[in-house]
Amino acid sequence: MLDQRLVRDNPDFIAQQLGRRGLDVDLTGLQLIANQQRDLEERRSSLQAEGNTVGKQVGLKIKGGADPKGSEVAELRHRGNTIKQQVAVLEEEEKQLSSKLREQLLSFPNLPSVDCPEGRSEADNKEVRRWGEPRKAEGLEEHWQIADRLGLLETERSVRIAQSRFVTLMGQGARLERALINFMLDLHCSKGYKEVLPPVLVNSASLQGSGQLPKFAEESFRCADDDLWLTPTAEVPVTSLHRDEIIPADLLPVRYVAYSPCFRREAGSYGRDTRGLIRLHQFNKVELYWFSHPDQSDQAHAQITADAEAVLQALDLPYRVLDLCTGDIGFSAARTYDLEVWLAGAGAYREISSCSVCGDFQARRSSIRTKEGKATRLVHTLNGSGLAIGRTMAAVLENGQQADGSVLLPEALAPYFGADRLQPE
RNA sequence: GGAGAGGUGGCCGAGUGGUCGAAGGCGCAGCACUGGAAAUGCUGUAUAGGGGCAACUCUAUCGAGGGUUCGAAUCCCUCCCUCUCCGCCA
């Protein structure tokens, strides 16, 4: 959420920054609302001050022996009543303006960071580095072909269980998924992240706090009879872990690693990535999350990205890092590095992690602050996949496939899987 | 699902109509005492918004919303949540 003071003081700056995202917004109307709201608040509170004085006087008079039914007290009562009525009118008006203001503020995306590269679409993203040697050869299978051949997943039967875009992992596939989750959690924990296993049903306040609501309701699954939604990412429950809290500055940064299944409706993606593990309504993810001191979020961003990259390096999976442009970063993000893993069968890099710094955007929505001396300040939040499990499995399968039909696993994974390769059954 | 109890500051806990943002205690911070510390004493210690260069000041907040009243933590209504017992259940 944007700062309403900024709306009053410098709406042009907001418009200009949102312009970098490709949005054309006019904030004069909103500025007017914000100013009117502030003026109303001033008038209302001074009236209330007057009313408070009147109330106190009545008490004092009666205590001082004045006749509670006498004219002196009656006059004060009358004044109190008049003020009460005036306050009620102002309050009602102010309330309407405030909720209108908040509603609109909640619908604006974050302002891009000054360092975020300019651009309109993903075509303008900037590649910043590559790691590893991509395996290139003719006749390599895509991961869904390998999975099919090795019996790692039930796709068609999953439609019977749920719908399309759900899979059931079987045998070695299920075991590999579990191995990947454990491997990643252990790796991050060894670097000081605290492990979190959050609820996967979250209330709407939590979704609003991290930026999924009100704008992206159609992207999440909702429970019909409760104010509960299936979480689209562990970022949502972890943000709300500290909602409405003040985190002492000496505890920052607070770093969490959270495994959770993630649920997304993928509305509007019909026909894209219909096969395999790339785009599902339900998938597993290990998520990194930081609550950072506001002055240290840039370093934190570099670190969280490095921590996500460490997984790919440990698994010996080639990847590249993109600095997403202003036109491609997500709603809550100020700046984002995407990690794209090499898929040898598809012969392409594919997003496997998104590491974003959100500045105070989520912290303001969720009211998460820290304290320095007497002043409270909003913390900065960061999140990064470390990593998406299904896509990692796809990469492991495609990059490790052998001529004999087996899949050689990355060395680091063998102890978790209990064998160094997947064998045809 | 049935029955009951309760929601007050970082925590515990007092407060049933007036000067109460709220006694007292704990915790925390500063100062004093000490060679240093403990103990002790003193002082301070909520959040948000508005105004002011600042000192400071105004308003709101005692689960949420509404009502009664000149005045509500306190009275009335509605809702939410938590806890305990019983039932059911992984």
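Values in this document were obtained by computation on a predicted structure and should not be read as measured data. A, B, ... follow the sequence lines: proteins, then strands. Residue 1 opens every chain.
- With rounding to whole Å, A:I247 atom CD1 is found 14 Å from B:rG10 atom C1'.
- Put simply, CD1 on A:I62 is 12 Å from P on B:rG18, counting in whole angstrom units.
- Checking B:rC70, B:rA60, B:rG65 against the side-chain heavy atoms of A:K95 singles out B:rG65 as nearest.
- With A:S158 as reference, A:T168 is the one residue of A:T168, A:L153, A:L280 to meet the side chain to side chain contact (heavy atoms under 4.5 Å, CB included) rule.
- Annotation for A:R120: atom CZ does not count as buried by contact number, only 12 or fewer foreign heavy atoms lying within 6.0 Å.
- The P atoms of B:rC31 and B:rG18 are separated by 41 Å, rounded to the nearest whole Å.
- For the pair A:E50 and A:G55, both in contact range of RNA chain B, the more 5′-proximal nearest nucleotide belongs to A:G55.
- Rounded to a whole angstrom, the distance from the P atom of B:rA46 to that of B:rA37 is 27 Å.
- The partner of B:rG36, taking Watson-Crick or G-U wobble pairs whose two distances both stay under 3.5 Å, does not exist in any strand shown.
- Shown here, B:rC79 forms a base pair with B:rG63; the pair counts as Watson-Crick or G-U wobble because both key distances fall under 3.5 Å.
- Using N1 to N3 plus N6-O4 or O6-N4 for Watson-Crick, or N1-O2 and O6-N3 for G-U wobble, each under 3.5 Å, B:rC31 pairs with B:rG41.
- To the nearest angstrom, P of B:rU19 lies 10 Å from CG of A:L60.
- For A:D298 and A:R335, the salt-bridge test fails: no basic side-chain N is under 4.0 Å from an acidic carboxylate O.
- One distance of note links CG of A:L111 with OG1 of A:T326; it measures 12.0 Å at 0.5 Å rounding.
- The CG-P distance, from A:N203 to B:rC80, rounds to 15 Å in whole Å.
- As rounded to whole Å, 16 Å separates atom P of B:rU47 from atom CD1 of A:I368.
- What separates CD of A:E92 from P of B:rG65 is a distance of 14 Å, to the nearest Å.
- One atom, NZ of A:K56, and another, P of B:rC58, lie 8 Å apart when rounded to the nearest Å.
- Between B:rA60 and B:rG71, the distance separating the two P atoms is 12 Å to the nearest Å.
- A sub-4.0 Å separation between OP1 or OP2 of B:rU45 and a side-chain N or O of A:K371 is absent.
- B:rC62 sits 10 Å from B:rG9 when the P atoms are compared, rounded to a whole Å.
- Base pairing of B:rG1: its partner is B:rC86, meeting the Watson-Crick or G-U wobble criterion (both donor-acceptor distances under 3.5 Å).
- A gap of 29 Å separates the P atoms of B:rU78 and B:rG21, to the nearest Å.
- Note: A:H380 and A:F361 fail the aromatic proximity criterion, with ring centroids not under 6.0 Å apart.
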Scan nucleotides 48-55 of chain B nucleotide by nucleotide, 5' to 3', and note B when protein non-hydrogen atoms come under 4.0 Å of the base, S if they reach only the sugar-phosphate, - if neither.
SBSS----

Between A:F331 and A:N110, is a side chain to side chain contact (heavy atoms under 4.5 Å, CB included) present by the stated rule, with each step listed?
CA-CA 6 Å; A:F331 184 78; A:N110 200 359; over 6 Å; no

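- Ring geometry for A:Y337 against A:H301 counts as parallel: the plane angle stays under 30°, on a 0 to 90° scale with 60° as the upper cut.
- Taking atom P on both nucleotides, B:rA29 is separated from B:rC81 by 38 Å, rounded to a whole Å.
- Counting heavy-atom neighbours within 6.0 Å of A:E72 CD, excluding the residue itself, gives a total of 12 or less.
- Across the P atoms, B:rU8 and B:rG65 are found 16 Å apart, a figure rounded to whole Å.
- The phosphate of B:rU59 (OP1 or OP2) has a side-chain N or O of A:N52 nearer than 4.0 angstrom.
- Pairing for B:rC20 is absent, judged as Watson-Crick or G-U wobble with the two contacts each under 3.5 Å.
- Between A:Y256 and A:H242, the ring planes are parallel. Angles under 30° get that label, and only those over 60° would be called perpendicular.
- The nearest whole Å value for the distance from the NZ atom in A:K84 to the P atom in B:rA72 is 8 Å.
- At the heavy-atom level, A:R44 lies under 4.0 Å from the strands shown only through sugar-phosphate atoms.
- Under the Watson-Crick or G-U wobble criterion, with both distances below 3.5 Å, B:rA72 is left unpaired in every strand shown.
- Separation of the P atoms belonging to B:rA39 and B:rC26 is 12 Å when rounded to the nearest angstrom.
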